[in-house]
Amino acid sequence: MKKRIEQLVHENIRQMQPYVPGLQPQGSGWIKLNTNELPYPPPPAVGAAISAEMERLARYPNPTSALLREELARIHGVEVGNVIIGNGSDDLLNLLARAFGGEDRITSETFPSYSLYPVVTAIAGGAIESIPFGGDFSLPLEDLLARPSDLLFLTCPNAPTGVRFPMEDLRLLAEGVEGLLVIDEAYVEFAQASALPLLQEFENVVLTRTFSKAYGLAGLRVGYAMAASPVIDVLDRIRDSYNVNRLSQAGALAALASQPVYDDYVRQIQEIRQKVHDFLVTSKWDIYPSEANFLFAEPVSAAGERGPEIASTLFEWLKERKILVRYFPKHPLTASRLRISIGSSSEMERFMEEITKWQKGA
């Protein structure tokens with residue numbers, strides 16, 4: 001008798017919970033502040049570079065994304081052998097889990113954090129250990145170092161708070177962790193500092209980055225990792241042979257060549273972030289100090305009430321007005337807060353107008 005499909009699926013896949021992306025609305029008129037995307041279009045050079053590759057679509061792309069590796073190595077002052085390109089940084093997180101995590105390995109994360117980490121760990125056949133933050137979201141160094149992790153995922157700046165951890169804490173963590181420390185720097189371009197210097201000090205540090213946030217190329221799916229060459233060699237062995245298509249490679253290269261445009265975009269986001277932060281603080285909201293392109297804030301009702309019910313009510317109230325923010329109701333550290341991506345100036349003006357109406361009970 002043939003086996004049923006569910007009998008053929010590995011137990012770890014049957015039991016795992018899939019990653020749930022932010023809502024992607026249909027139709028027009030929405031203000032999307034729920035997936036931390038850049039609200040500005042790519043510069044013309046990016047579109048031109050992609051168009052120039054259209055005639056070559058019958059040919060496979062460069063299998064190693066060689067030109068992109070070389071340019072990123074030059075920009076960051078590392079060797080080409082310290083860089084690998086992925087189909088988004090999620091691809092590289094998956095490769096890291098498969099190569100260094102999985103069954104009989106200890107994989108850890110801070111919590112709350114990027115909810116893909118448990119998913120890639122489960123796919124690899126492992127279970128992730130979550131070390132909770134305290135209320136101030138400082139790095140729980142003592143708890144992290146007490147666990148002999150083979151693979152430790154850490155977002156910096158943190159998601160969903162935007163908090164950036166001090167370099168001294170990251171260095172202590174790199175020194176003390178037994179296995180790989182993967183520092184996910186998806187939002188680093190919006191921050192005041194990077195953990196890049198740690199690559200020169202520690203062979204067990206991996207940095208992952210993406211073109212989806214500050215470069216506004218989420219639709220192209222390009223990410224990269226930097227690490228010691230033995231780590232990169234392992235990841236190269238298990239990645240798909242042509243894991244990044246030629247349009248994505250060309251677009252990412254053109255984005256790097258258009259850095260002044262993106263520097264201006266980042267500056268605008270930082271300025272708008274500060275403006276919205278100040279507005280919400282004036283409105284008595286509680287907000288973590290963010291160095292990302294979003295704010296993680298606890299709303300306050302017209303009657304001065306806080307808590308999960310208030311956050312849930314406001315989430316739905318904004319959604320009815322075609323403004324999407326992100327809400328994580330399943331954990332006490334997040335259930336009273338909303339994560340608000342920083343959009344364009346006009347989008348955030350509309351957001352603040354609606355918040356003013358809500359707080360007045362309109």
Side-chain angles (χ1 to χ4, degrees), residues 3-26 30 32-37 86-133 149-155 158-161 182 184 186-187 208-213 217-223 225 235 238-240 243-245 248 294 296 308 311-312 315-316 319 324-335 337-339 341:
K3 291 184 177 181
R4 291 172 295 155
I5 296 300
E6 56 266 31
Q7 292 176 303
L8 297 172
V9 177
H10 286 293
E11 179 66 20
N12 58 299
I13 303 299
R14 282 205 305 268
Q15 297 296 327
M16 66 173 281
Q17 296 297 315
Y19 175 72
V20 180
L23 180 63
Q24 300 290 341
Q26 302 298 313
W30 289 90
K32 248 183 123 278
L33 308 178
N34 66 328
T35 48
N36 302 337
E37 296 152 316
N87 182 31
S89 59
D90 291 352
D91 178 29
L92 298 165
L93 296 172
N94 189 23
L95 293 179
L96 286 160
R98 288 165 56 194
F100 299 99
E103 191 176 3
D104 300 325
R105 298 292 181 91
I106 300 174
T107 302
S108 304
E109 65 167 354
T110 51
F111 187 85
S113 191
Y114 185 25
S115 55
L116 185 71
Y117 302 148
V119 175
V120 296
T121 301
I123 291 171
I128 201 161
E129 294 189 11
S130 297
I131 293 88
F133 285 104
S149 300
D150 297 295
L151 183 64
L152 171 59
F153 290 113
L154 179 72
T155 51
N158 173 258
T161 65
V182 179
D184 185 346
Y187 303 99
T208 60
R209 294 190 178 184
T210 180
F211 281 81
S212 295
K213 306 305 180 183
L217 301 182
L220 285 185
R221 310 305 301 131
V222 187
L235 300 180
I238 63 173
R239 67 173 175 81
D240 181 72
N243 63 328
V244 182
N245 70 68
S248 296
F294 54 82
F296 196 52
S312 177
F315 172 79
E316 295 296 338
K319 186 177 177 182
L324 291 176
V325 297
R326 198 76 188 267
Y327 180 46
F328 306 97
K330 294 183 179 181
H331 192 274
L333 283 175
T334 61
R337 295 175 179 267
L338 301 177
R339 194 192 68 190
S341 303

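In this text, all values refer to a predicted model and were calculated from it rather than measured experimentally.
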(message) I'd like to know whether Ser341 forms a side-chain hydrogen bond (donor to acceptor under 3.5 Å, both in side chains) with Arg326, so could you lay out the CA-CA distance, the side-chain angles of the two residues, the decisive distance to 0.1 Å, and finally the verdict.
(response) CA-CA 8 Å; Ser341 303; Arg326 198 76 188 267; over 6 Å; no

(message) Tell me whether Arg339 forms a cation-pi arrangement with Phe294, defined as NZ or CZ under 6.0 Å from the six-membered ring centre and within 45 degrees of its axis.
(response)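 The answer is yes, since Arg339 meets both limits relative to Phe294.
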
(request) Classify the side-chain pair Arg105/Ser149 by whether it contains a donor and acceptor separated by less than 3.5 Å. (result)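 No.
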
Restricting to non-hydrogen atoms, name the atom on [X] and the atom on [Y] that form the minimum distance, rounded to 0.1 Å.
X: Ala124; Y: Ala97; answer: CB-O, 3.5 Å
X: Val119; Y: Gln17; answer: CG2-O, 3.4 Å
X: Lys319; Y: Leu324; answer: CG-CD2, 4.0 Å
X: Ser89; Y: Thr210; answer: OG-CB, 3.8 Å
X: Pro112; Y: Pro160; answer: O-CD, 4.1 Å

Side-chain heavy atoms of [X] within contact of [Y], under 4.5 Å:
X: Ile238; Y: Arg98; value: yes
X: Pro308; Y: Pro329; value: no
X: Leu154; Y: Val182; value: no
X: Leu93; Y: Tyr114; value: yes
X: Thr161; Y: Arg337; value: no
X: Lys32; Y: Thr35; value: yes
X: Leu33; Y: Val325; value: yes
X: Thr208; Y: Leu96; value: yes

(request) Output, in order, the C-alpha distance, side-chain angles, deciding distance and verdict of side-chain contact (heavy atoms from CB on, under 4.5 Å) for Leu235 and Phe100. (result) CA-CA 10 Å; Leu235 300 180; Phe100 299 99; 4.2 Å; yes

Gap separating the [atom1] atom of [X] from the [atom2] atom of [Y], nearest 0.5 angstrom:
X: Ser108; Y: Leu151; atom1: OG; atom2: CG; result: 8.0 Å
X: Ile128; Y: Thr121; atom1: CD1; atom2: OG1; result: 4.0 Å
X: Ser312; Y: Tyr327; atom1: OG; atom2: OH; result: 5.0 Å
X: Phe153; Y: Thr110; atom1: CZ; atom2: OG1; result: 11.0 Å
X: Thr107; Y: Leu152; atom1: OG1; atom2: CG; result: 9.5 Å
X: Asn87; Y: Asn243; atom1: CG; atom2: CG; result: 7.0 Å

Checking the side chain of [X] only, and the main-chain atoms of [Y] only, is there a donor and an acceptor separated by less than 3.5 Å?
X: Arg209; Y: Ala225; result: no
X: Asp150; Y: Gly101; result: no
X: Thr334; Y: Phe328; result: yes
X: Ser248; Y: Val244; result: no
X: Tyr117; Y: Glu109; result: no

(request) Let me see the working for Phe211 and Leu220 under side-chain contact (heavy atoms from CB on, under 4.5 Å), right down to the final yes or no. (result) CA-CA 8 Å; Phe211 281 81; Leu220 285 185; over 6 Å; no

(request) Tell me, yes or no, whether the heavy-atom count around Glu11 atom CD, taken from other residues, nucleotides or ligands under 6.0 Å, exceeds 12. (result)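 Counting other residues, nucleotides and ligands, CD of Glu11 exceeds 12 neighbours.
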
(request) Report the C-alpha distance between Tyr187 and Asn158 in whole Å, list the side-chain angles of each, state the deciding distance to 0.1 Å, and finish with yes or no for side-chain contact (heavy atoms from CB on, under 4.5 Å). (result) CA-CA 8 Å; Tyr187 303 99; Asn158 173 258; over 6 Å; no

(request) Return the orientation label for the His331 and Phe111 ring planes: parallel under 30°, perpendicular over 60°, tilted otherwise. (result)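 Perpendicular: the ring planes of His331 and Phe111 meet at over 60°.
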
